[in-house]
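Written below as structure tokens is the structure these notes are about.
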Amino acid sequence: MNLPVLAGTLSTVLFALGMLPMLVKAARTRDLASYSLGNLVLSNVANAVHSIYVFNLPAGPIWALHLAYVLASALMLAWWWRYRETEHGAAGSPAAGTREGSAAGINFSEKGAQ
């Protein structure tokens, strides 16, 4: 294996491993409130367009890296929609007691103590 292919393989593994904590946390907590729908949709559209370019290249580490990005962004978008629906009532308002952003998980009495 030549040096560029080895570097591509190693970087692909590292980038894919770097995405795992985000995916595991999103799956475990179902808290995707900090993710923007616009960003998730745009990432998926960009990945679809970029696929035309990537899959016209010779097979190699770039294919694996691109597939990791495609799967991660598609999962995040699907989970955003799925978990958003389970946390909102029938009228589309947030469920009682839910908080978004950096205040999530912090008791109101603890906010000033940080």
Side-chain angles (χ1 to χ4, degrees):
M1 185 178 293
N2 61 22
L3 184 60
V5 174
L6 181 62
T9 302
L10 180 60
S11 67
T12 294
V13 169
L14 292 173
F15 279 121
L17 288 174
M19 286 185 284
L20 283 179
M22 172 189 68
L23 294 170
V24 169
K25 183 178 179 183
R28 186 177 42 87
T29 66
R30 298 182 177 192
D31 179 17
L32 280 81
S34 64
Y35 290 89
S36 155
L37 174 61
N39 177 267
L40 293 172
V41 168
L42 194 57
S43 294
N44 279 278
V45 170
N47 278 329
V49 172
H50 196 62
S51 293
I52 297 168
Y53 168 71
V54 169
F55 296 127
N56 278 295
L57 295 172
I62 192 69
W63 280 34
L65 178 60
H66 185 65
L67 284 173
Y69 284 136
V70 166
L71 292 174
S73 63
L75 268 176
M76 292 298 286
L77 180 60
W79 288 342
W80 190 93
W81 278 108
R82 180 178 178 198
Y83 299 151
R84 180 175 179 268
E85 291 174 0
T86 60
E87 292 179 4
H88 285 69
S93 61
T98 61
R99 291 170 290 192
E100 295 184 0
S102 62
I106 299 174
N107 292 332
F108 288 110
S109 62
E110 295 177 10
K111 277 188 177 181
Q114 294 182 355

Verify the cluster assignment for L57 and L65: are they in a single hydrophobic cluster under the rule of side-chain heavy atoms below 4.5 Å apart?
yes

Between atom CH2 of W80 and atom CG of N39, what is the distance when rounded to the nearest 0.5 Å?
11.5 Å

Side-chain heavy atoms of W79 within contact of Y35, under 4.5 Å:
no

By side chain to side chain contact (heavy atoms under 4.5 Å, CB included), L3 pairs with (sequence neighbours left out) none

Determine whether Y83 and W81 fall in the same hydrophobic cluster, where Ile, Leu, Val, Met, Phe, Trp and Tyr are linked whenever their side-chain heavy atoms lie under 4.5 Å apart.
yes

How many angstroms lie between atom OH of Y69 and atom NE2 of H50, to the nearest 0.5 angstrom?
9.5 Å

Would you mind listing the cluster partners of L14? Hydrophobic ones only (ILVMFWY), side-chain contacts under 4.5 Å, chaining allowed.
L10

Can you give me the closest heavy-atom contact between L77 and L37, atom names plus distance?
CD1-CD1, 3.8 Å

Whether D31 side chain and A33 backbone form a donor-acceptor pair below 3.5 Å
yes

For L20, what residues pass the side chain to side chain contact (heavy atoms under 4.5 Å, CB included) criterion, not counting sequence neighbours?
L17

All heavy atoms of V5 vs all of P61, minimum pair found to be O-CG, 3.8 Å

Correct closest heavy-atom pair for N47 and S73 would be ND2-OG, 2.8 Å

Please tell me if the side chains of R84 and L32 come closer than 4.5 Å, counting only heavy atoms from C-beta onward.
no

When rounded to the nearest 0.5 angstrom, what distance separates CE in M22 from CE in M76?
5.0 Å

Residue pairs, two or more places apart or on separate chains, that pass side-chain hydrogen bond (donor to acceptor under 3.5 Å, both in side chains) and touch residues 51-65
S51-H66

May I ask you to test the L67-F55 pair for a side-chain heavy-atom distance under 4.5 Å?
yes

What residue pairs, at least two apart or across chains, pass side-chain hydrogen bond (donor to acceptor under 3.5 Å, both in side chains) with a residue in residues 8-19?
none

Distance in Å, L75 CG paired with L40 CG, rounded so as to fall on 0.5 Å steps:
11.5 Å

